[in-house]
Amino acid sequence: MVEITQTQLTELTEPMWRIRLRLLSRSFIENWRLFKEYPIGIIGLGIIVIFGLMALAHPILMKYVWEPRVYDPVIGYDISILAHPSPPSSTHLLGTDPLGRDVLSQLLYGTRFGFSLGISAALVSVIVSTTIGALSAYYGGLVDVIFMRLADVVIMLPFIAILIVLSALIEFNGFSLALVYGLLVGFGGQTIVIKSQALSIKVKPYIEAARAAGGSDWHIIFTHLIPNLMPLSFLYMMFTVTGAVFAEAALSFFGLLNIRMSWGIMINTAQAAGYLLAGPEYLHLMLPAGLAITLLCSSFYMVGRALDEVVNPRLRQR
Amino acid sequence: MDENGALVNVIGLEKRFAVSAGVFSRVKGYIHAVDDISFDIPLGRSLGLVGESGCGKTTTGKLLARLMDPTAGHIYLNDELMGRIDLAEIRGQELKIFRRRVQIIFQDPYESLNPRRTIYDTVEEPLRVQGTGILVEREARVVQLLELVGLTPAASFLFRFPHELSGGQRQRVAIARALVVNPAFVVADEPTSMLDVSIRIGVMQLMSELAERLNVSYLYITHDLAVARYMCHEIAVMYLGKIVEQGETEEMIKNPLHPYTQALFSAVPIPNPRRDRVAIGIKGGVSAPIDPPQRCRFYDRCLVGDQFCHDNDHPPLEDKGAGHRAACYKV
């Protein structure tokens, strides 16, 4: 056997975690460079950042700037104004709603809710679909048949309709809605896409090499299969956020969610009081919430599209 | 068949794949990928497995690395650590230890390395799943192996990704991964066929050098006779799942007996324009390996076959003198 010289050993003295961190940051920078080339992704990311700042701003404004009795998004009431809803003014930048609450405060409060709902639903769906996709591709057979037929059934269900039916059985709050929506997406179409990708990875020689090295099924699934599925999973996560935010808006609009305030509830309030299509002077009641829903949905979609181009080299315009 | 001295005894090895068709996937027949083959690989010697596409070379290799389970037959490994074991029967912990003794090198270096893992991760993987040594020891071992396969300085290769290496360098990484656990036997499945001609010889030299240094035997699968001649002590020629001829490399090349081997060797170009050689013919195309008829597998393409060959089962692999074995009634 060849002796190991001292010089080689000293070159390895840098701790492993620092090397890993450097590699991680390098691949991150590389991907960022690719991502930057797509203006659509940058626009989407910009909108997401703005929404993030809005979500952060609300608790700060409530604590230091706004009087809670007046500006609370749910129970606030401005007694200095005679008739509600009132149009935008210097005290209420987006006016007040039919119940005398500040629209801007509601909008900012709803941002936080929409964000956390979208992201948690996406996380649930990604964990479920990646695990099931990898398992059914790897093991095949009965496992595969059960999950794929289940996916076929879930795909056929109209999501909004099924959520309305479910809301009669379960009391939906933000958390349970995220969970149910995430599971519906995770067990449905997303699993099929992830599984087909996993099938193409499963037959690569490096999987066989890992088996020849003595790696167990779990070792192969978690160190070879799933890491190679992550780019695709991450991409689908973006699209799930869009769907979840939209589903929340629809359900709150129907008044089926047990939550304090959201963009959907803002529109629902305007509609219940009869101001939905009452004319341009009442536009401030529904336009901010409607626009926010549209923008948040499209921003995640745009980031997803740009990511699609990054993780899918065949789509790159070279 | 002698059972002493040989590292690997293969006895009556068979692998069939079911061919199914129709609405209910009824089994229509079986592909006889590997059909009752037997051979030995002596310790420290390499056997070249030669044949055209689809003749069952790779399947044989995968069976010997236990990446597939044989349909029938035995593969004995006479190992200094594990004793005499039958690969077809080992399970669980024993199988895991077996993975240290037999490794495989794949054809395509672009697909055989995980693109998301560094060279260090890839080469270290067998050590880690086998639970060998502590981290520092494994690091040292990986560095040692990378130096051994000529990736120097090793430290500059450790944390690169496969896409940053050339084809030859990748194949060297794959060789390092196979040898890192100190195997006794390595299945090399056309390791140079995807490489550029200019770097092929370097990889081949490295492999035969390492075989001597580390006392490794290869089962070298190839369709290139020149490569087999360079790498192997013995050559076995496969045709439709059967070994049709086997013998010492030089003896085989000088004196091929089986009509298929003769045709195969006569097709190798000789870099000498003045030298005459007889082109030995062959007819037809490769017959289907699905439920082949009970006669010589080569009958449909053979120019010397007669009624006797047609009426009798595939000829046995018999010694035709000096350990040179051929499966033909006409020799």
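So you know, we letter chains A, B, ... as the sequences are listed, proteins then strands, and number each from 1. In what follows, every heavy atom counts, from backbone to side chain, and hydrogens, waters and symmetry copies are set aside.
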Close contacts, [range] versus chain B, judged by heavy atoms under 4.5 Å:
| range | result |
| --- | --- |
| residues 183-212 of chain A | A:K204, A:P205, A:Y206, A:E208, A:A209, A:A210, A:R211, A:A212 |
| residues 129-158 of chain A | none |
| residues 216-234 of chain A | A:H219, A:T223, A:H224, A:P227, A:N228, A:P231 |

Where on [X] is there a heavy atom nearer than 4.5 Å to chain A: the side chain, the backbone, both, or neither?
| X | answer |
| --- | --- |
| B:F98 | neither |
| B:T122 | neither |
| B:R117 | side chain |
| B:E111 | both |

Check: Taking everything shown except A:F239 itself, do over 12 heavy atoms lie less than 6.0 Å from its CZ?
Finding: yes

Item checked: Neighbour count above 12 (heavy atom, 6.0 Å) for B:Y30 OH -> no

Note to self: Rounded to the nearest 0.5 Å, what separates atom CZ in B:F159 from atom CZ in A:R20?
What the structure shows: 6.0 Å

Notebook entry, point to check: Looking at residues at least two apart in the chain, or sitting in another chain, which of them share a salt bridge (charged side-chain N to carboxylate O under 4.0 Å, His left out) with B:E164?
Noted result: A:R26

Note to self: Heavy-atom pairs under 4.5 Å with chain A - which of B:R116, B:K96, B:R177 has more of them than the others?
What the structure shows: B:R116

Check: Using a cut-off of under 4.5 Å for heavy-atom pairs, which of B:L135, B:V180, B:D121 has the most such pairs with chain A?
Finding: B:D121

Notebook entry, point to check: Counting only N and O atoms by type, is there a donor-acceptor contact under 3.5 Å from the side chain of B:E125 to the main-chain atoms of A:A213?
Noted result: no

